[in-house]
Amino acid sequence: LQTYPATELFLQSAHRVMPNFEIDNENAEDVARVVRLVQGFPLGIELAAAWLEMLPIEEIVQEIENSFDFLETDLRDVPERHRSIRAVFEYSWNLMTPEEQAIFLELSVFQGGFEREAAQQVTGASLRNLTALVNKSLLIRMPSGRYQAHKLLQQYALERWDDDEAQMSVAGKHAHYYGLYMKKLEPLYNSPKEQVAVEAMETELENIRASWDLAVEKQLWVELDASIHTLMLFFQARSMLTDGITLFRELGNRLEQDKSTDNACYHRARLRQAWLMSRLGNYNEVYALANASYQYFLKYDNADEI
């Protein structure tokens, strides 16, 4: 039995919470049953093994089977593999403390992983909180030190989050954090450390995009205004001209829809849109966009933009 990769993964995961756990003649059948119930899916195996800290293996089998039978009747339209993982997650959720549940819900705001500092600033999660979630296989700590949750677990967490006001509060903190994150990197561009800034933003690009989209949706113009120039520098450094043009055009259009064009955020976005478009040779439209914004910043004596 121990020659199968799925069983080996169960044993490795079990050792994180119970270092002396071994597969023997008494528990081999139950271990095999667990692996079959989750169809060998690594996430399900790791979550189930994490329960050994609280339950004997035979009870783990029973709990998965009980949850799976219940979910089988309610979730006919969900693929069988996902139903089995949902069953495992449901029980894992019940084993979490209320504090761990609240932290895990809030951590679902992150996309593509996160650093410990980001988790602390956005959700208030401590190192102890993060370690507890790692030990329960709800988070993965990467060799780089970043934390990540499986996409399915994020999906299940979002389904459980029924407090829209609290969810929006955390999302706002997420947008604010990554706006400041980009602002701190701005001085590194056009310097010998530009590559450091580019790589840092590439690592956090999913979070940056998610925070930008939310800021646009919720009209967080101050947060957007703080990060516009850094984003333009990133798109330029990575030759992602079309992506940048689209991003700034959409922001400008949204501000026009809201009749909020008489502000610096709108004209900064249009200038960056024009700057990137000039690299593609669209000079007529570039002039129209740039001249209107130039006149705005000239009127308000903004030397940095002029």
Side-chain angles (χ1 to χ4, degrees), residues 107 109-123 125 130 140-149 170-218 220-252 254-255 263-280 286 289-290 293 297 302-306:
L107 290 174
V109 73
F110 290 101
Q111 303 294 320
F114 54 89
E115 300 287 349
R116 175 185 167 190
E117 178 190 0
Q120 199 282 324
Q121 293 292 324
V122 175
T123 72
L130 296 175
I140 300 170
R141 189 173 187 274
M142 311 301 288
S144 64
R146 285 176 68 81
Y147 294 87
Q148 193 160 9
V170 174
K173 293 177 184 178
H174 181 269
H176 181 70
Y177 176 84
Y178 284 101
L180 291 177
Y181 178 86
M182 286 186 282
K183 190 65 177 176
K184 291 177 183 177
L185 292 174
E186 183 178 324
L188 301 184
Y189 282 94
N190 297 320
S191 81
K193 295 184 177 180
E194 178 171 301
Q195 189 61 25
V196 174
V198 171
E199 291 177 359
M201 288 185 65
E202 282 183 332
T203 298
E204 296 290 1
L205 195 54
E206 288 187 62
N207 279 312
I208 289 170
R209 288 186 182 277
S211 65
W212 178 276
D213 290 344
L214 176 80
V216 172
E217 178 186 346
K218 297 303 176 183
L220 304 177
W221 308 136
V222 174
E223 284 80 0
L224 290 166
D225 195 29
S227 57
I228 284 174
H229 190 61
T230 313
L231 265 175
M232 190 274 290
L233 293 171
F234 171 77
F235 287 128
Q236 179 177 273
R238 274 290 176 255
S239 298
M240 297 169 62
L241 303 180
T242 302
D243 285 355
I245 291 167
T246 300
L247 191 82
F248 296 131
R249 178 185 288 123
E250 289 176 351
L251 173 57
R254 176 62 185 270
L255 283 160
N263 63 57
C265 181
Y266 171 78
H267 289 287
R268 255 189 275 276
R270 288 305 192 196
L271 273 183
R272 273 64 185 180
Q273 177 188 343
W275 178 263
L276 296 176
M277 289 173 61
S278 71
R279 298 299 190 265
L280 300 178
V286 166
L289 288 171
S293 296
F297 288 117
N302 189 322
D304 290 337
E305 293 295 340
I306 294 174

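What you see below is based on every heavy atom in this structure, not just the backbone, and it leaves out hydrogens, waters and symmetry mates.
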Phe248: partners by ring-ring contact (aromatic ring centres under 6.0 Å, His included), with sequence neighbours left out = none
inquiry  = Under a 3.5 Å cutoff, is there a donor and acceptor pairing between the side chains of Glu199 and Gln195?
reply    = yes
ask   = Is atom CH2 of Trp221 surrounded by more than 12 heavy atoms (other residues, nucleotides or ligands) closer than 6.0 Å?
value = yes
message = Quick one, Phe235 and Leu247 - any side-chain contact, counting heavy atoms below 4.5 Å?
response = yes
Using distance only, find each side-chain donor-acceptor pair of residues 211-218 under 3.5 Å and give its atom names and separation, not counting sequence neighbours.
residue	atom	partner	partner atom	Å
Ser211	OG	Asn207	O	3.2
Ser211	OG	Ile208	O	2.9

query = Arg116: what forms a salt bridge (charged side-chain N to carboxylate O under 4.0 Å, His left out) with it, not counting sequence neighbours?
reply = none
query = Does Arg238 have any side-chain hydrogen bond (donor to acceptor under 3.5 Å, both in side chains) partners at least two apart in sequence or in another chain, and if so, which?
reply = Glu202
inquiry  = Test of understanding: with salt bridge (charged side-chain N to carboxylate O under 4.0 Å, His left out), list the residues that count as partners of Arg249, not counting sequence neighbours.
reply    = none
remark   = Residues at least two apart in sequence or cross-chain that pass side-chain hydrogen bond (donor to acceptor under 3.5 Å, both in side chains) with His229, listed by chain then number, are Arg272
query = Taking only residues two or more places apart in sequence, or in another chain, which ones meet Ala210 in a side-chain contact (heavy atoms from CB on, under 4.5 Å)?
reply = Gln111, His174
key: Any residue meeting side-chain contact (heavy atoms from CB on, under 4.5 Å) with Leu180, in chain and number order, not counting sequence neighbours   = His176
key: Results of side-chain hydrogen bond (donor to acceptor under 3.5 Å, both in side chains) for Ser227 - residues two or more places apart only   = none
task = Can you sort out the partners of Lys183 under side-chain hydrogen bond (donor to acceptor under 3.5 Å, both in side chains), two or more places apart, ordered by chain and number?
result = Glu186
remark   = Applying salt bridge (charged side-chain N to carboxylate O under 4.0 Å, His left out) to Glu223 and not counting sequence neighbours gives none
request  = Look up atom CG in Leu224 and atom CZ in Arg268, then write down how far apart they are to the nearest 0.5 Å.
outcome  = 11.5 Å
key: Steps toward side-chain contact (heavy atoms from CB on, under 4.5 Å) verdict (Phe114, Leu130)   = CA-CA 11 Å; Phe114 54 89; Leu130 296 175; 4.1 Å; yes
Residues in ring-ring contact (aromatic ring centres under 6.0 Å, His included) contact with Tyr181, at least two apart in sequence or another chain = Tyr178
